[in-house]
Amino acid sequence: MQENFEADLVFASGEGNYLPSADVWIVIDVLRATTVMTRWFELGGTELYPVRTPDDARKLVAELKERGSSPLLMGEVNGIPPEGFDMGNSPLELTYEIIREHYCGVMSTTNGTSALLEAESSGSPVMAACFRNYSACLDHAVTIGKRIGILCSGRKHRPSWEDTLCAGAVIEDLLRHGETLMSDSARMALTLWQNRDNDTEAFVRKSTHAQYLSQIGYSDDISFACETDSSTVVPMLAENEERTVLRAVSGSARPYHRENVRIEPETVKKSDPFEELLAYTRKKV
Ligand code: MLT
């Protein structure tokens, strides 16, 4: 029987936003916050604390260290890492080795982390999506409810081309799940996605933020962010926690397209799952 869904979309996060009611919120910040969040869990990270400002991040790191944790301090202001951060906001900076040293991270970005916190204020479940994992996210979202809210992070409270484009991909996917009543904003995003002349990366590179990132040396991040459906990870805000924290929905962080992978037995030490994942990644055919 065809399911009946509702899709609503907010083009940009920002103070004083009116968030319509939804059973679940999908937050999108393709360049690059939700792409980094997805990568964090793809590589085995366990917790990621989104905070608004670099100072909030520094304070939380100090607090977590006092409790014996060793969080990675990561994020950006205007695309580059703030003073004293361990890394910036490039998904390509993350490696298995870094994750094995930290497992837990604290993240502050210009728009994406604030968008997550804004969606959290709705009281509904919240997940982080990007081109890499949006199908996996939607597969999970439709198990939560019928009213799907999409919050595009945007840039400095204004719509962003790439987030709207990704939202359109989510909505097109939702139509495959069943009959969907779309808001005008959702329909606009779908129309943008369906008119992307079939080269997602080339279309994304038209955006002002993509052009800015390329200018400051992060062009490869854009290619990485446009690897559509390359991940099954579903990062979600955990509920009933002392602090806002992202975790991967259990069972979602599994290698994608496993049949394409040749794992040479001698390269995989059974005792260390990270070695297996490392070998898996290196042996992609
Ligand atoms: C954002 O929050 O808008 C992004 O993280 C910006 C970036 O990574 O350059």
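Remember, it's 1-based here, ligands and their atoms both numbered in the order they're listed. Excluded from the calculations below are hydrogen atoms, water molecules and symmetry mates; all remaining heavy atoms, backbone and side chain alike, are included.
Any N or O atom pair closer than 3.5 Å counts here, and Ser153 shares no such pair with ligand 1. Looking at ligand 1, you'll find an N or O of Gly112 within less than 3.5 Å of one of its N or O atoms.
Salt bridge Arg247/Glu241: present, at least one basic N to carboxylate O contact under 4.0 Å.
The proximity of Asp29 to ligand 1, defined as any non-hydrogen pair under 4.0 Å, is limited to the side chain. Looking at Thr113 against ligand 1, nothing comes within 4.0 Å, counting heavy atoms.
For atom 6 (C) of ligand 1, the nearest non-hydrogen atom of the protein is Glu76 OE2, 3.3 Å. Counting protein heavy atoms only, atom 9 (O) of ligand 1 is closest to His209 NE2, 3.0 Å. Residue, atom and distance of the protein heavy atom nearest to atom 8 (O) of ligand 1 are Asn89 ND2, 2.7 Å. Protein heavy atom closest to atom 3 (O) of ligand 1, with residue, atom name and distance, is Asn111 ND2, 2.7 Å.
Across every non-hydrogen atom of Phe203 and Asn195, the tightest pair is CZ-O, 3.5 Å. In terms of heavy atoms, Ala167 sits closest to Ile150 at CB-CG2, 3.8 Å.
Residue contact check: Leu213 has heavy atoms under 4.0 Å from atoms 9 (O) of ligand 1. Within ligand 1, the atoms closer than 4.0 Å to a non-hydrogen atom of Gly79 are 9 (O), numbered from 1 in the order shown.
Looking only at side-chain heavy atoms (C-beta outward), Arg52 and Thr113 stay at 4.5 Å or farther from each other. Within the 4.5 Å cutoff, the side chain of Val204 has heavy atoms near those of the Phe131 side chain.
Note that CG of Leu72 is 9.0 Å distant from CD of Glu93, once rounded to the nearest 0.5 Å.
Both the sub-6.0 Å distance and the 45° axial angle are satisfied by Arg132 relative to the ring of Phe224.
The aromatic rings of His209 and Tyr212 sit parallel to each other, their planes meeting at less than 30°, with 60° as the upper class boundary.
Every heavy atom of Asn78 sits 4.0 Å or more from the atoms of ligand 1.
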